[in-house]
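As structure tokens, the structure follows; a few thoughts come after it.
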Amino acid sequence: MKIVQFSVLRPIAMSMVIFFLIILGSVSVKNMSIDLFPELTFPTAVVTATYDGASPTEVENLLAQPIEGAMGTIPNIEKVSSVSQNGGALVLVQFNWGTDMDFATLKMREQIDAVRDVLPDGVQTPKVLRFNPSDLPIMQLAVTDTKGNIENAKEVAQKEVKTAVDRLDGIASTSIEGGPEQEVQLITNPQKLLSYGITLKNLQEIIGSENIDLPGGNVEDDQETLPIRITGKFDSLNDLEMLPIPTRKGTVLLNDLVEIEQKEQRENGLSYLNGKDAVGLSILKQSGTNTVQVAKNIHNEIEKLKEELPSNIKIQTIFDQSMFINQSISAVSSNMIVGSLLAAFVLFLFLRNFRSTMIISLAIPLSIMTTFIFMYFSNQTLNLLTLGGLALGVGMMVDNAIVILENIYRLRQEGEGKKDAAIKGTNQVGQAIIASTLTSVVVFLPIIFVDGLAAQLFKPLALVVSYSQFAALFTALIIVPLLSSLILKLKENEKKSVFDKFNNRYKALLSASLKHPKKTVGVVIVLFLLSFAGVPFIGTEFLPSQDQSYLSIEAELPPGSTVEKTYRKVKEINEKIRPVEEIANMYVTIGGSSSFSMGGRNSNNEANYSVLLTDIENRSRTDLEIAEDIRQKLKSIPNADITVSSGTSGFSANPISLKISGPNLETLRSLSDQTINLISKVDGIREPKANYEEGNPEVSISVNRDKAAQYGIGNASVAQTVSDATKGLVATKLSGDVGEELDVRLLVDEKYISSTEELENLTIQTQVGTSIPLKAVASISRDTGPSQITRSDRVREITVNADILNRDLGTITKDIEKTLKENLPLPNDQYKVTFGGQNEQMNDAFYKLSLALALAVVLVYMVMAAQFESFFHPFLIMFSVPLTFIGIILGLLITNEPLGVGSLVGILILTGIVVNNAIVLIDYLKQLREEGYDAKEAILLAGPTRLRPIMMTALTSVLGLLPLMFGIGEGTEIQRPMAIVIIFGLTVSTFITLIFIPTLYYMFEQRRIKKKEKTG
């Protein structure tokens, strides 16, 4: 090959190429973004529609069903589901993976426009929102005041911290939660307003119309055209107090008509850090930006702020995604370095030559730098999976270099000169290592045709492993012959291999196998069949859980519970979990509203904890064990539904998700209750819970239409009057300090609406100008409102979700299937129970990756057939692929690791590399046969000759992956299954290659010779 001759004959030019690759690689790695996972695009969008005052049944019929029907006509739809709640609907639209979501959301908006006329009057145009993992906060901060002044903390959070963070590059938005929200309240006496002949609505219109600046045209003055502006904005609270209000008793100042004061809003969420009042900030980054760099900028800015702020103001980090990213990247990088050192140690152990070891060891950093160049120009990021792919490739990076160097070394021992040995030795094995590299890479080609979450995660890993193999091939072809021709020396007393004894024993074993070929093949086949006995003892999973030193706790009280009642329950929870030593920080929010809250629905009965644990190295228990401990401590707390979850990657579904579908909601509730009771008894199940909500206690106002008609009023007038009295009306905004604007809210004094009896006396203005009490046209009673209604593919559905502990997903799923089949009778064929969640994701990934694996086997065979120009030799080598099953099963059993997506990707990688050693052996065997050696002689010569490179490449690959297999450090859980499969599979494959493949070759050759003799 010309590149080999160029590298040997033009060493200075080639050294410049090497330095160029190092420089370009360094620049590439510096400019690559760092993130936890590759950029993910989920094919999911939601439609939100609000219909104030409508019950879930009305929302289902009037909103959800028409929108579902419209969405169902869009191409590439996989599933349409909806949640109908009191006051609004949320329709979730899932598309097939690979769908262009920009085009899909555009089609969704078009369909909404088409169905808009069908929706009831009063319903605003539904909104379309895309789900994007980058919309999740990368950091959460808590601001506290050691003096206990939460108002001061809120002011600092709004004016100082938020302002400072928002101006940083890469920040998308910063939201504030907790702390008192100030507003100007105008407290009214309904009777007093009645006596002046004015309503809340009148006051709102007057105040709003006065607090504005308006343009008034232009005026000519002294040969200048000047714009006219009518100024009327309120500059202070005093302007509002002195506002004249026209009434039927004459003009009255607003201050004399209502009570005006600046105070906290009536309903507002609360937040606490370690039991003390706090204000929280959630920070989102812009899509595609470097998470680590953005977080670093935030920390730097916060440190500057801390120096400027008073000492009583404390800013603490609750959650920082970059911390786990840095720890994970550091752990994977450290494992990669350790793997490289172990590989170098193996080289020295075999070669006993420092210069030879140095030649091959230099190929690793050069290959890594070259890989970074490929990654940069293909827009990859440095993340857990791309670096994991690089770590997986480290051990394999030296394979080609070892084969080349060993062949050069052998030729040197035979008396060849430095340059001749370098060129000839590389060319002899050049075709074989190119073929072996292609087989290692071609296995990833089928992943291009795989879609779904697993494919999005592992495609970047596959790309990086492929890049590393091409980089390793290129560097092996230039650096090994170059350095071998310059610095490789033989030991004067070394004429034969230092592993002669090992070689002799192997040769004796190989000779014995050739004497009894059928027994040898029979033993391997028996081992292969016996390995199937271990399959039932291996569980299955989707993705391994990751310890991110983070827990979440959700506490839900009975519907209708007040913020104060929820706070008392939070104090009880705090006391229970305070003894847990691993908790570093504990942040809790009470009440507030969610991003998709609809109709006036609040969450005053809910408390959400963000629990930050100490670093992994500083604790002896995993996050799962700590979560289980907390779960047991909180079991005894009454009247609260409490869920404890360990930190996850944020993109996988619930481990257990049972979807119960059918037409009748009450029947579904009964079935879901039975399901929860049944699966609670399954070992490993934790916190089973249905997704339906009990009805909220409510006050029901029933309007007598006949009586109301006599006064010229209708349901809408009654609803508006009651809503204005209980919620209040925002009349305008009053400018405060530093650009701050406060709501000016008109409210009825609480004493007039504090009970149903007072509510009955609420006055309603009629069309003729008179006022009547509410009880004159309506009856008031306490009732329980309906719960939410969930639909999936136009059928009502209730989902039962659960976590799992200390057992694998596949085994638990089988137990649940058996339990439900035996103990849950369904009323008729209209009712069904299906598995969703991680089980659905797992089955989909297993099916698609299995097809990819089958296609990979075919592609590997095709590459080898083209290389050997033979159908027979590749067919022989392919026997090493299924027999690796022995090592895979053994490895999973020994490590107690379930079969998951990571394991399947490991098997895919293994398919490409297990044939490499056989290619090197058979290629040399083929050369010897062409030189005239008979089959047995060729085998007994080729085997010992290729023993050292085969053992070296296998051991460097295995030892390079050992740190990943032991899962040392944060974030290595996802690579561990791949490492286990490759290590054990490759180890068994090596013995198969050295003994079984030559024996099988000999059997086929003997059979071919006998057949040829018979045919004459």
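We count residues from 1, following the sequence as given.
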With a 4.5 Å cut-off on side-chain heavy atoms, are [Y] and [X] touching?
X	Y	result
M842	T540	yes
V915	I877	yes
N326	V292	yes
V465	F444	yes
K127	V46	no
W97	Q456	yes
L986	T884	no
R807	D815	yes

To the nearest 0.5 Å, what is the distance between [atom1] ([X]) and [atom2] ([Y])?
X	Y	atom1	atom2	value
T105	I112	OG1	CD1	10.5 Å
M139	S282	CE	OG	11.5 Å
I67	M108	CD1	CE	9.5 Å
I913	T437	CD1	OG1	12.0 Å
Q94	S81	CD	OG	6.0 Å
K107	I74	NZ	CD1	7.5 Å

Short side-chain donor-acceptor distance under 3.5 Å, [Y] and [X]:
X	Y	value
D547	T622	no
E797	T790	no
S440	N916	yes

Strictly distance-based, threshold 3.5 Å: is any side-chain N or O of [X] a donor or acceptor partner for the main-chain N or O of [Y]?
X	Y	result
S466	A462	yes
N654	I656	no
K285	T289	yes
T386	T381	yes
N290	I34	yes
S378	F374	yes

For the residue pair [X] and [Y], what are the closest heavy atoms and their distance?
X	Y	answer
V47	P126	CG1-CB, 3.6 Å
D803	S645	OD2-OG, 3.8 Å
F984	G887	CB-O, 3.1 Å
L904	F846	CD1-CD1, 3.5 Å
P898	D808	CB-CB, 4.0 Å
I685	A802	CG2-CB, 4.1 Å

Please lay out, stage by stage, how Y467 and T370 fare under the test side-chain hydrogen bond (donor to acceptor under 3.5 Å, both in side chains).
-> CA-CA 8 Å; Y467 292 156; T370 309; over 6 Å; no

Under the side-chain contact (heavy atoms from CB on, under 4.5 Å) criterion, do L899 and E541 qualify, and how do the steps go?
-> CA-CA 6 Å; L899 181 70; E541 66 176 3; over 6 Å; no

State whether K848 and D844 are salt-bridged, where the test is any N-O pair (Lys NZ or Arg NE/NH1/NH2 against Asp/Glu carboxylate O) under 4.0 Å.
->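 Yes, charged N to carboxylate O under 4.0 Å.
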
Ion pair present between E973 and R976, side-chain N to carboxylate O less than 4.0 angstrom?
-> no

Over 12 foreign heavy atoms within 6.0 Å of [atom1], [X]:
X	atom1	value
K79	NZ	yes
D102	CG	yes
N896	CG	no
Y376	OH	no

Given I888 and L910, is the side-chain contact (heavy atoms from CB on, under 4.5 Å) satisfied, shown in steps?
-> CA-CA 10 Å; I888 293 168; L910 189 61; 3.8 Å; yes

Name of the residue among N839, N801, N691 meeting side chain to side chain donor-acceptor pair (under 3.5 Å) with S657 = N801

Between F885 and F532, ring centroids under 6.0 Å = yes

Near-ring test Y550/F319, centroid separation under 6.0 angstrom = yes

Working for side-chain contact (heavy atoms from CB on, under 4.5 Å), residues Q975 and M965 | CA-CA 8 Å; Q975 288 100 10; M965 188 186 82; over 6 Å; no

Please lay out, stage by stage, how T291 and D35 fare under the test side-chain hydrogen bond (donor to acceptor under 3.5 Å, both in side chains).
-> CA-CA 6 Å; T291 301; D35 218 327; 2.9 Å; yes

Run the numbers on F835 and T813 for side-chain contact (heavy atoms from CB on, under 4.5 Å), then give the verdict.
-> CA-CA 9 Å; F835 277 88; T813 300; 3.6 Å; yes

